[in-house]
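Notes follow the structure.
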Amino acid sequence: MVSLPLDPNLWLIDGSDTYLLGIRHNGQVLFDEQSPYQRVRIYDTLDHGKMLTVDSLVMCTEKDEAAYHEMIIQVPMVAHGAVKDVLIIGGGDGGSVREVVRHSGVDRVTMVEIDEVVVRASRQFLPSLACAFDHPKLTLMIDDGIAFMDQAADASFDLIVVDSSDPVGPAEGLFTPAFYQQVYRCLKPGGVMTVQSESPSFNQSAFRALHHCLQGVFGADQTHCYLTILPTYPTGIWSFNYCTKGGAHPFHSLDRSLAATVAQTHNLRYYNADIHTAAFQLPTFIQQLLTDGAD
């Protein structure tokens with residue numbers, strides 16, 4: 001066994017009372033600012049590139065962020081097949097916008113991020129993620145996503161992406177039935193919503209509660225959980241939920257040629273046609289989690 005120094009000045013520790021994930025960095029903090037909402041830092045890690053944290057929780061690293069951003073965006077974009085108007089709630093690192101604007105058929109993207117500090121830090125130190133912030137199709141708003149949804153017009157968007165942090169602090173209101181009822185209202189008929197929905201191993205109660213919440217709003221047959229592998233998130237497994245307003249099933253009628261073309265044209269690092277389908281095949285313990293306590 002290799003003995004590593006446990007100097008707290010060289011490690012970012014993320015986890016809980018029973019589980020810890022450690023990521024070693026070079027001891028320098030590239031960005032550190034307390035916003036009105038949270039503490040935003042960027043570190044330079046030893047083998048994962050630059051890493052964004054919020055209140056000492058890992059948001060992304062350059063090495064494995066594709067497993068998150070490609071899956072939260074490319075899955076609904078390809079499954080829908082004709083997205084024109086997109087809304088992103090959160091997503092301050094820029095990775096979700098980057099993935100959306102890969103699709104030339106998109107007409108408009110609106111991004112509503114509550115914390116301008118995250119956007120500013122990402123622009124400066126995470127250019128591979130923040131590269132689309134000046135895209136002509138993007139309207140970037142520093143605002144409260146919940147308030148924005150309350151005021152948005154009915155049937156405004158083909159795709160709504162809720163790219164939020166964990167359900168604490170400013171993101172807590174993004175995990176409620178009232179918020180997702182507004183999301184449903186603002187989707188066009190046939191529209192799709194995707195949301196990051198926590199780890200089914202690390203935060204089982206939040207994972208299960210959000211899935212049941214979404215089933216209550218969209219209907220059980222319109223709500224589908226899918227997974228990705230993220231080594232720098234606690235337990236290494238993370239989930240999303242794909243919900244539709246009477247729209248396409250996420251993989252039964254998947255256009256595999258479109259999925260393959262998107263992956264190859266843009267040299268995607270994680271997403272491909274096989275991953276698109278496989279992500280919805282859930283281990284038994286996750287199926288049981290989602291069944292337990294359901295109405």
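Residues: numbered from 1 along the sequence shown.
The shortest heavy-atom contact between Ile73 and Ser96 is CG1-O, 3.7 Å. When every heavy atom of Thr277 is checked against every heavy atom of Arg256, the shortest pair comes out as OG1-NH1, 4.1 Å. Considering all non-hydrogen atoms of both residues, Pro76 and Thr194 come closest at CG-CG2, 3.5 Å. Annotation for Pro200 and Phe285: closest pair O-CE1, 4.0 Å, computed over non-hydrogen atoms. Of all heavy-atom pairs spanning Val97 and Leu138, the tightest one is CG1-CD2, 4.0 Å. Minimum heavy-atom separation, Ser128 to Glu62: OG-OE2, 3.9 Å.
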Exercise for the section: For His69 and Arg98, run side chain to side chain contact (heavy atoms under 4.5 Å, CB included): C-alpha distance rounded to whole Å, both residues' side-chain angles, the deciding distance at 0.1 Å, then the answer. Expected result: CA-CA 9 Å; His69 293 112; Arg98 177 196 66 197; 3.9 Å; yes
Exercise for the section: Just do the side chain to side chain contact (heavy atoms under 4.5 Å, CB included) check on Val161 and Ile72 with the steps written out, would you? Expected result: CA-CA 8 Å; Val161 178; Ile72 199 172; 3.8 Å; yes
Exercise for the section: List the steps, then state whether ring-ring contact (aromatic ring centres under 6.0 Å, His included) holds for Phe240 with Tyr68. Expected result: CA-CA 9 Å; Phe240 306 98; Tyr68 180 96; 5.4 Å; yes
Problem - Derivation of the salt bridge (charged side-chain N to carboxylate O under 4.0 Å, His left out) call for Arg41 and Asp32 - result: CA-CA 4 Å; Arg41 293 188 179 100; Asp32 186 356; 3.4 Å; yes
Problem - Derivation and outcome, side chain to side chain donor-acceptor pair (under 3.5 Å), residues Gln182 and Asp150 - result: CA-CA 6 Å; Gln182 296 286 43; Asp150 288 343; 2.9 Å; yes
Exercise for the section: Start with the C-alpha distance between Phe179 and Val162, add both sets of side-chain angles, then the distance that settles side chain to side chain contact (heavy atoms under 4.5 Å, CB included), and finish with yes or no. Expected result: CA-CA 11 Å; Phe179 174 74; Val162 184; 3.9 Å; yes
Problem - Check against salt bridge (charged side-chain N to carboxylate O under 4.0 Å, His left out), Glu33 and Arg120 - result: CA-CA 11 Å; Glu33 186 172 330; Arg120 177 158 43 86; 2.9 Å; yes
Practice task
Check step by step if side chain to side chain contact (heavy atoms under 4.5 Å, CB included) holds for Gln281 and Tyr226.
Solution key: CA-CA 7 Å; Gln281 312 311 309; Tyr226 65 107; over 6 Å; no
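Two residues are said to be in side-chain contact when any heavy atoms from C-beta on lie closer than 4.5 Å; Val183 and Phe157 fail this criterion. Phe218 has its side chain out of reach of Asn241: every pair of non-hydrogen atoms, C-beta onward, lies at least 4.5 Å apart. The side-chain heavy atoms of Leu87 and Cys186, taken from C-beta on, include no pair separated by under 4.5 Å. Taking 4.5 Å as the limit, some side-chain heavy atom of Ile237 sits within range of a side-chain heavy atom of Ile286. The shortest side-chain heavy-atom distance between Val106 and Lys84 does not fall under the 4.5 Å cut-off. A heavy-atom distance below 4.5 Å is not found between the side chains of Val117 and Val119. Side-chain contact between Leu268 and Val262 is present, with heavy atoms from C-beta onward closer than 4.5 Å. For the pair Phe280 and Pro250, the minimum side-chain heavy-atom distance is below 4.5 Å.
Distance CG/Leu290 to NE2/His224: 12.5 Å, rounded to 0.5 Å. Put simply, CE on Met193 and CD1 on Ile89 are 11.5 Å apart, with the number rounded to the nearest 0.5 Å. Taking CD of Glu116 as the reference point, atom OG of Ser35 lies at 8.0 Å (rounded to 0.5 Å). The CG atom of Asp143 sits 10.0 Å away from atom CD of Gln151, with the distance rounded to the nearest 0.5 Å. Here the straight-line distance linking atom CD1 of Ile88 with atom CD1 of Ile160 works out to 11.0 Å at 0.5 Å rounding. For the atom pair CE (Met71) and CG (Leu230), the distance works out to 10.0 Å, reported to the nearest 0.5 Å.
Thr45 places a side-chain N or O within 3.5 Å of a backbone atom of Gly49 that can act as its donor or acceptor partner. Between the Ser122 side chain and the Gly94 main chain, no donor and acceptor come within less than 3.5 Å of each other. The backbone N or O of Thr61 lies less than 3.5 Å from no partner atom in the side chain of Glu65, so there is not a single donor-acceptor pair. Under a 3.5 Å cut-off, the side chain of Ser156 and the backbone N or O of Ala153 do form a donor-acceptor pair. Judged by distance alone, the side chain of Gln204 and the main-chain N or O of Leu289 form no donor-acceptor pair under 3.5 Å. Without hydrogens or angle criteria, Tyr180 side chain to Leu210 main chain gives no donor-acceptor distance under 3.5 Å. Of the possible donor and acceptor atoms, none in the side chain of Glu70 sits under 3.5 Å from a partner among the backbone N and O of Glu99. Side-chain atoms of Gln38 never come within 3.5 Å of backbone atoms of Asp55 as a donor-acceptor pair (strictly under, hydrogens ignored). Of the possible polar contacts, none joining the Lys188 side chain to the Asp158 backbone as a donor-acceptor pair under 3.5 Å is found. Looking at Arg123, its side chain never comes within 3.5 Å of a backbone N or O of Val118 through a donor-acceptor pair.
Using a 4.0 Å cut-off between charged side-chain N and carboxylate O, Lys50 and Asp44 make no salt bridge. Residues Arg208 and Glu198 are not paired through a salt bridge, judged by the lack of any N-O separation under 4.0 Å between the basic side chain and the carboxylate.
Side chains of Asp64 and His48: a donor-acceptor N/O pair is absent below 3.5 angstrom, by distance only. Between Ser197 and Ser239, the side chains place a donor N or O and an acceptor N or O closer than 3.5 Å (distance only, hydrogens not considered).
Two different hydrophobic clusters hold Val29 and Leu46 under the rule that ILVMFWY side chains link at heavy-atom gaps under 4.5 Å.
The aromatic rings of His266 and His103 sit tilted, their planes meeting at an angle between 30° and 60°. In this pair, His25 and Tyr43 present their aromatic rings tilted. The plane angle is within the 30 to 60° band. Relative orientation of the Phe251 and His249 rings is perpendicular, given thresholds of 30° and 60° on the angle between their planes.
Sparse packing is recorded around CD1 of Ile229, with 12 or fewer heavy atoms of other residues, nucleotides or ligands lying under 6.0 Å away.
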